[in-house]
Number of protein chains: 2
Amino acid sequence: MAEIPDSPGVAPPGGPTRAAVVGAGSWGTAFARHLASRGVVTTLLCRRREQAAYLTRHRRNPDYLEDIELPSTVQYGTYGDCSFDSYDLIVLAVPSRAYGDVARKLAPRLREEMGFLSLTKGLDPADGRRLSQILQTELAALRPSVAVLSGPSHAEEVARGQPTATVLASEDPAYAERLQRTVTGEAFRVYVNSDLVGVELAGAVKNVVALATGMSDGLGYGDNARAALITRGLAEMIRLGAALGADPLTFAGLAGLGDLVGTCTSRHSRNRLAGELIARGHSPALVEGEMGMVAEGLTAAPVVLALARAHGLEMPITENVVAVISSGKDVRDCVRDLMLRQPRPERV
Amino acid sequence: MAEIPDSPGVAPPGGPTRAAVVGAGSWGTAFARHLASRGVVTTLLCRRREQAAYLTRHRRNPDYLEDIELPSTVQYGTYGDCSFDSYDLIVLAVPSRAYGDVARKLAPRLREEMGFLSLTKGLDPADGRRLSQILQTELAALRPSVAVLSGPSHAEEVARGQPTATVLASEDPAYAERLQRTVTGEAFRVYVNSDLVGVELAGAVKNVVALATGMSDGLGYGDNARAALITRGLAEMIRLGAALGADPLTFAGLAGLGDLVGTCTSRHSRNRLAGELIARGHSPALVEGEMGMVAEGLTAAPVVLALARAHGLEMPITENVVAVISSGKDVRDCVRDLMLRQPRPERV
């Protein structure tokens, strides 16, 4: 299903027709391929020239999804020096810790009133801002249209055309609906949501909970423990969201629960894997290098904890994850501390 | 952790001290072992004499958890002919389709004001009653204390002392708290909840959703599809619960989301496995026999759908599961029908 034709059709009217995807990690690569299949003329922009050259030559990403061929219609370049003049949609898929820097560097080269779609799940490590807030601030003079895409959407499966359901959030409903028409495909379902706060917080916190479930897996604990962590992790997410003005219903949906479950139980999840490796004795500081992939939860955990503390909230799972990755707390002690917390009535 | 001592300690004061577990399936067997580890003098009651004789001789269940040894303190018998005079707690762990019949047959042999704990997750196939309602009706003259235990608690993991968090629900909070003290162990956490309606409905519906996720797995779909099914399945559960008077917060907790995730993603889940086998072409009518295990979702699905229709609710996942198991609908057509439903704003 969802075969990518080599000569794509035409993008649906009213939406973007030419897109630049900034960041050629696995999700950026899979999404560029998906956009091309939807008839959008797409350029995938890498950080490094060698990566762009390899992609141009082989139509495969040397670092991610190596067995996925990209259609001949996709072009390649580097986002440090390309021109953005011909695009009406900029898709951002760079790690959260580079996000603000990339936005600032692109700003002088962008036109007014362009459309933006953010794929990265995380928060600004410097000050806890949501990533769409970075775009709104850094590009304010350009009056950008901004949306984020979230939900359980492992790149490996999207690239193979497997059924996927996502959430597209924006404060501008007309913009969200135009993008929805463009992005929706036979196997790629898109729901629109106006709760940008909830969708972005959920995307950041779920990676922290995924680290915790990976640690539980790494200790050899089973599906009961994992289900309990996911449930209590969702409660932490809802608590933080309520304090920051999110709609609680967002957390019951695909961007909340859906992505949390997808990330915490998937063989594809790099955050779950990072937690598993840490529980088995790998250094939290080195694990991303060992995996050759970014695990956003490692960046998000201290930021989420700082937000919780600023609002006087208890987030015991997040607190334990930070204690492991920042202070070297023994993972076994975390499990004991979480299991032996004072019994109380169960509530969110 | 949670090693079972061969000479158990003493049960906590105020709670039951002698328990009969009716039904020696995997959960009944694992729970009998757990009760013994909590100092409760426990008898495990089988349906068949040969099974009781085998257990007495080998302290292992020939049909389930074969590698788990039961402590020498556990006794064995058959629930068709034993005396219940010496017990203060009756634990029910028989399949939902036998539940009413077993309750009616035990009634004349039970004392007044005994305590009951129901472990079965399902609804009365005859009339959609919750299983605790069956106990309250059939044993009304005995004024029983009734509670149910739910949450993500695969027998295989509880039997191995792996960390598990559960929900104990009763309309009698004092009874629930006495049982909580008895059942809580180092690796077995028990939260009390007064929403019997929500806890029991969740336990029935989650098995139906697990059949659906198993079918998705069986078609070769991935973690994105599974996460979407779990999310939309929780929405169906919440919708039914709201119509029947449950507390929506129950579904965000361990008995709702927790058990749903545990059942839909676990290698141990028999309902997920049944769905997978059906998607691969096995007959829904024969799959329980092939597995040698009950898959409660097969019994619950039509009962849940009838409840939904009686209340004018849409439950498209449940509807598709029933169409597969009752009318032979092709599983691939279900996926297409669920994915191509008219796009609408995402909400519960």
Side-chain angles (χ1 to χ4, degrees), chain A residues 151-154 156-158 160 162-165 167 180 184 186-187 189-194 216 220-228 230-232 234-235 238 249-269 335 338-340 343-348, chain B residues 151-154 156-158 160 162-165 167 180 184 186-187 189-194 216 220-228 230-232 234-235 238 249-269 335 338-340 343-348:
Chain A
S153 46
H154 292 294
E156 294 79 356
E157 297 184 3
V158 173
R160 285 175 177 75
Q162 294 208 296
T164 299
V167 171
Q180 179 188 35
T184 298
E186 197 193 336
R189 199 167 158 81
V190 179
Y191 291 87
V192 164
N193 185 320
S194 59
S216 171
Y221 295 142
D223 301 324
N224 294 351
R226 191 166 71 174
I230 290 171
T231 306
R232 302 309 301 164
L234 183 72
I238 292 174
L249 279 185
T250 296
F251 302 108
L254 290 161
L257 163 63
D259 206 1
L260 179 67
V261 169
T263 305
C264 291
T265 65
S266 177
R267 66 213 107 143
H268 302 305
S269 166
V335 176
L338 287 171
M339 285 295 288
L340 298 183
R344 56 181 81 179
E346 184 194 29
R347 48 189 200 87
V348 170
Chain B
S153 46
H154 292 293
E156 295 78 357
E157 297 184 3
V158 172
R160 284 175 177 75
Q162 293 208 296
T164 299
V167 171
Q180 179 189 34
T184 299
E186 196 193 337
R189 199 167 159 79
V190 180
Y191 292 87
V192 165
N193 185 321
S194 59
S216 171
Y221 295 142
D223 301 325
N224 294 350
R226 190 166 71 175
I230 290 172
T231 306
R232 302 311 301 165
L234 184 71
I238 292 174
L249 279 184
T250 296
F251 302 108
L254 290 162
L257 163 62
D259 206 0
L260 179 68
V261 169
T263 304
C264 291
T265 65
S266 176
R267 68 212 104 145
H268 301 306
S269 165
V335 176
L338 286 171
M339 285 297 286
L340 297 184
R344 54 179 83 178
E346 185 194 26
R347 48 185 201 87
V348 168

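With A:E157 contributing its side chain and B:D223 its backbone, the two residues share a donor-acceptor pair below 3.5 Å.
Within the model, atoms CD1 of B:I230 and CD1 of A:I230 stand 8.0 Å from one another, a figure rounded to the nearest 0.5 Å.
Between chain A and the residues B:R267, B:R226, B:E156, the largest count of heavy-atom pairs under 4.5 Å involves B:R267. Per-residue heavy-atom pair counts under 4.5 Å with chain B were compared for A:G222, A:G262, A:G256, A:G220, and the maximum is reached by A:G222. Interface remark: of the candidates A:G151, A:S153, A:A165, A:S153 forms the most heavy-atom pairs closer than 4.5 Å to chain B. Between chain B and the options A:L260, A:V261, A:D259, A:T265, heavy-atom pairs under 4.5 Å are most frequent for A:T265.
Counting only heavy atoms from C-beta outward, the side chains of A:N224 and B:V158 approach each other to under 4.5 Å.
In this structure, B:G258 and A:A227 approach most closely via the heavy-atom pair O-CB, 3.3 Å. Nearest heavy-atom pair, A:Q162 versus B:Y221, reported as atom, atom and distance to 0.1 Å: NE2-CA, 3.5 Å. Residues A:L257 and B:L257 come closest through the heavy atom pair CD1-CD1, 2.9 Å.
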